[in-house]
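A quick note: this is a predicted structure, and the numbers were derived from the prediction, not measured.
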Amino acid sequence: MSSRFLWIVSGLVLLLLLGCVKEEEESISLLTSGTAELYSVTNQTGDIRFRSEDSWKASCAANWLTFSPKSGKAGENVITLATTSTNRTKKPRTAVMTIEAGGKTKTVNIKQRDEYAIFETDELNLGCQATTIGIDFRTNLQQDQLDLYYTKGLDEWITPGNQARTRTEYEGFVYPLHIAHNSSQSPREGAFFLTMQDKNGYILGLDTLFIYQEGSDNGYHSFDYSQDGKVELLNEATEGKGIPIVLMGDGFVDEEIEDSLYTRTMKQAMEHLFSEEPMKSLRDYFNVYQVTAVSDRNRFDGVSTAFKTQTDHQSTAIDVNADAVMKYVKKVEDIDSIHTLAVVILNINLNKGMTYMIRNSKTTDYDYAIALCPVIDSLKSESFRQVLTHEAVGHGFAKLADEYVRSTEGSATETDIKELKQLHEQWSWFLNVDSEKDSTKVLWSKFIFDSEFANEKIGTYEGGYTFFKGVYRPTENSMMNQNDAPFNAPSRQAIYHKVMKLGLGKTPTYEEFVEFDRQHKPTKWSYRTTTRGTWGVPWHPAPPRIIWR
């Protein structure tokens with residue numbers, strides 16, 4: 001055999017080997033940068049996009065990071081990263097993710113940035129007396145990068161003094177705060193937020209300081225319980241079977257019931273419930289009852305009120321004795337309690353809201369819910385109206401989901417999506433959010449392609465069900481998002497369907513809803529005065545709790 005032929009054969013073998021190596025090296029190819037950068041606070045998300053020629057799995061040992069999915073099939077894939085804790089180390093922290101497929105690996109460097117602003121304490125508990133205190137925090141941000149926000153209404157009893165820097169180059173600040181005397185028996189609370197903006201202009205919360213001030217306890221206890229349990233019909237249905245709503249108050253003492261504050265509160269709450277479409281036009285289908293509940297004291301400590309409500313000043317949640325609420329609901333003679341919306345108004349000025357959505361293991365035909373809302377600001381305030389509508393009508397009656405996202409949540413997990421689909425399929429709950437992005441398959445696809453609703457700009461907007469990623473909502477904003485816009489069309493349909501089902505025993509068609517909505521839709525799809533903090537930080541009620549009975 002000639003040496004020339006040997007060279008040709010050897011060359012062919014070498015080319016084949018090089019081709020195999022190249023093919024193996026490209027079994028995983030990154031479609032994004034080999035470095036993923038995340039902001040320093042909890043639940044900041046980012047994506048790693050790559051193409052794999054084989055089934056793959058990923059691993060990462062960092063305890064400050066989570067990611068999903070952890071494995072997948074060949075093709076284009078996305079791994080979503082989310083930070084599980086705030087970086088308080090004062091320097092960037094890094095991790096390495098390894099993606100393995102077809103015997104080959106690809107690594108991605110992950111970096112969590114080091115911007116920080118940290119309060120020296122998590123909460124301040126103050127007495128009722130007027131005082132001046134300082135709030136201390138540390139930060140490595142420049143002054144023009146950092147903002148201090150506070151919750152709506154806090155400036156009514158706390159006056160910030162001039163900013164005073166007390167330590168070396170941006171390592172610490174003190175803001176003096178002048179605290180007013182709390183002459184009310186009710187405690188009050190609020191929060192300060194240290195924030196920065198990310199590269200897209202979104203506000204990132206770096207740290208939170210909760211402030212709680214005790215009420216002035218004058219030792220008053222109710223002694224007259226003669227009105228306790230009294231039932232009054234506030235609105236009588238003239239259409240259908242009469243869908244029951246029971247209004248009750250908690251933290252009202254006998255003197256406040258005697259001077260009609262209780263009744264005035266319940267009547268104003270009723271007007272708020274029917275202030276938005278389609279409830280405004282469906283009012284004649286409802287029987288609204290007032291049941292008087294006399295509380296021992298006006299203190300929400302889990303003991304002193306008729307429904308044992310308790311507020312946690314570190315969150316917007318409200319605890320309640322559900323059995324006590326049902327006991328008062330049943331004071332309405334012959335009431336269909338399993339299809340009742342119970343609304344409890346708390347006699348306190350706090351930015352909170354909470355709904356308990358009750359499920360029964362024996363039947364899906366179970367619509368009982370408890371919506372709780374304090375008198376936010378005042379009886380006729382827009383904040384009170386918005387939060388009560390969001391909680392009682394949105395969550396409690398129509399079983400709608402929140403359409404906002406929370407800074408404590410990242411991407412919806414497979415378990416979250418599975419639970420959401422189960423609520424859709426078995427209970428017809430939360431029909432205003434979906435894990436489906438395709439506009440032809442999403443639950444509200446008909447609305448997207450119906451010119452009747454073009455002005456609402458209905459689509460699939462990522463973020464909802466409190467998650468930043470993996471869940472979609474119908475509109476940019478709505479009553480179930482920031483509270484400061486009307487119910488969007490899919491939500492209005494859910495309300496209309498529930499009224500027709502409970503009131504007339506029928507399930508309307510899409511066309512029937514469209515015809516109704518054409519005549520009764522919101523007069524203008526616009527934003528209103530919002531329940532935001534003083535400098536525009538959004539505030540949301542707590543997500544609903546689903547409990548079994």
Worksheet item: Considering only heavy atoms from C-beta outward, does the side chain of Ile348 approach that of Phe300 to under 4.5 Å?
Response: yes

Worksheet item: Do Glu476 and Lys457 meet the salt-bridge criterion of a basic N to acidic O distance under 4.0 Å?
Response: no

Worksheet item: Do Leu38 and Thr45 have side-chain heavy atoms sitting under 4.5 Å apart?
Response: no

Worksheet item: So Glu120 and Arg138, salt bridge (Lys or Arg N to Asp or Glu O under 4.0 Å) or not? Walk me through it.
Response: CA-CA 7 Å; Glu120 294 286 3; Arg138 293 176 289 112; 3.5 Å; yes

Discussion item. Exactly one of Asp402, Thr355, Asn481 should register a side chain to side chain donor-acceptor pair (under 3.5 Å) with His390. Which one does?
Written reply: Asp402

Item to complete: Report the residues that fulfil side chain to side chain contact (heavy atoms under 4.5 Å, CB included) with Asp147, sequence neighbours left out, ordered by chain and then residue number.
Response: Tyr149, Thr195

Worksheet entry | Pairwise distance CG(Asn483) to CG(Leu388) - rounded to 0.5 angstrom | 11.0 Å

Item to complete: Assert yes or no for the condition that the ring centre distance of Tyr510 to Phe447 is strictly below 6.0 Å.
Response: yes

Fill in: Salt-bridge present (Arg93, Asp114; N to O < 4.0 Å)
no

Discussion item. What verdict does the salt bridge (Lys or Arg N to Asp or Glu O under 4.0 Å) test give for Glu189 and Lys352, after you've listed the backbone C-alpha separation in whole Å, the side-chain angles of each residue and the deciding distance to 0.1 Å?
Written reply: CA-CA 11 Å; Glu189 59 192 47; Lys352 291 182 182 293; 2.8 Å; yes

Worksheet item: Is there a donor-acceptor contact under 3.5 Å linking the side chains of Tyr465 and Asp416?
Response: no

Fill in: Aromatic contact, Tyr366 with Trp427 (centres under 6.0 Å)
no

Fill in: Atom CD of Gln145: over 12 foreign heavy atoms under 6.0 Å
yes

Practice prompt. Using a 4.5 Å cut-off on heavy atoms from C-beta on, say whether the side chain of Pro187 contacts that of Gln213.
Written response: no

Discussion item. Could you walk me through whether Phe468 and Tyr404 satisfy the ring-ring contact (aromatic ring centres under 6.0 Å, His included) test, starting with their C-alpha distance in whole Å, then the side-chain angles of each, then the deciding distance to 0.1 Å, before giving a yes or no?
Written reply: CA-CA 9 Å; Phe468 279 99; Tyr404 59 75; over 10 Å; no

Fill in: salt_bridge(Arg385, Glu276) N-O dist < 4.0 Å
yes

Item to complete: Check whether any side-chain N or O of Gln112 sits under 3.5 Å from a backbone N or O of Ser40 as a donor-acceptor pair, and report yes or no.
Response: yes

Worksheet item: Do Lys399 and Phe430 meet the cation-pi criteria used here (NZ or CZ under 6.0 Å from the six-membered ring centre, within 45° of the axis)?
Response: no

Fill in: Side-chain ion pair, Lys308 and Asp319, N-O less than 4.0 Å
no

Worksheet item: So, Asn488 side chain and Ile458 main chain: donor-acceptor pair closer than 3.5 Å or not?
Response: no

Worksheet item: Cationic tip of Lys521 within the cone over Phe453's six-membered ring, i.e. under 6.0 Å and within 45° of the normal?
Response: yes

Practice prompt. Could you please spell out the steps behind the side-chain contact (heavy atoms from CB on, under 4.5 Å) verdict for Phe192 and Phe137?
Written response: CA-CA 11 Å; Phe192 283 91; Phe137 65 91; over 6 Å; no

Worksheet entry | Qualifying salt bridge (charged side-chain N to carboxylate O under 4.0 Å, His left out) pairs with a residue from residues 54-82, counting only residues at least two apart or across chains | Arg51-Glu76

Fill in: Distance-only side-chain donor-acceptor flag, Glu403 / Ser478, under 3.5 Å
yes

Item to complete: Not counting sequence neighbours, which residues clear side chain to side chain contact (heavy atoms under 4.5 Å, CB included) with Lys441? List them please.
Response: Glu436, Asp438

Worksheet item: Between Glu100 and Lys106, is a salt bridge (Lys or Arg N to Asp or Glu O under 4.0 Å) present by the stated rule, with each step listed?
Response: CA-CA 7 Å; Glu100 181 181 353; Lys106 185 75 73 173; over 6 Å; no

Worksheet item: So, do Thr105 and Ile99 sit near enough that their side-chain heavy atoms are less than 4.5 Å apart?
Response: no

Item to complete: Assess the side chains of Asn477 and Asp484: does a donor N or O sit below 3.5 Å from an acceptor N or O?
Response: yes

Discussion item. Does either side chain, that of Asn77 or that of Trp56, offer a donor lying less than 3.5 Å from an acceptor on the other one?
Written reply: yes

Discussion item. Salt bridge (Lys or Arg N to Asp or Glu O under 4.0 Å), that's the test. Do Glu277 and Arg492 meet it? Break it down for me.
Written reply: CA-CA 7 Å; Glu277 293 289 3; Arg492 296 199 302 274; over 6 Å; no

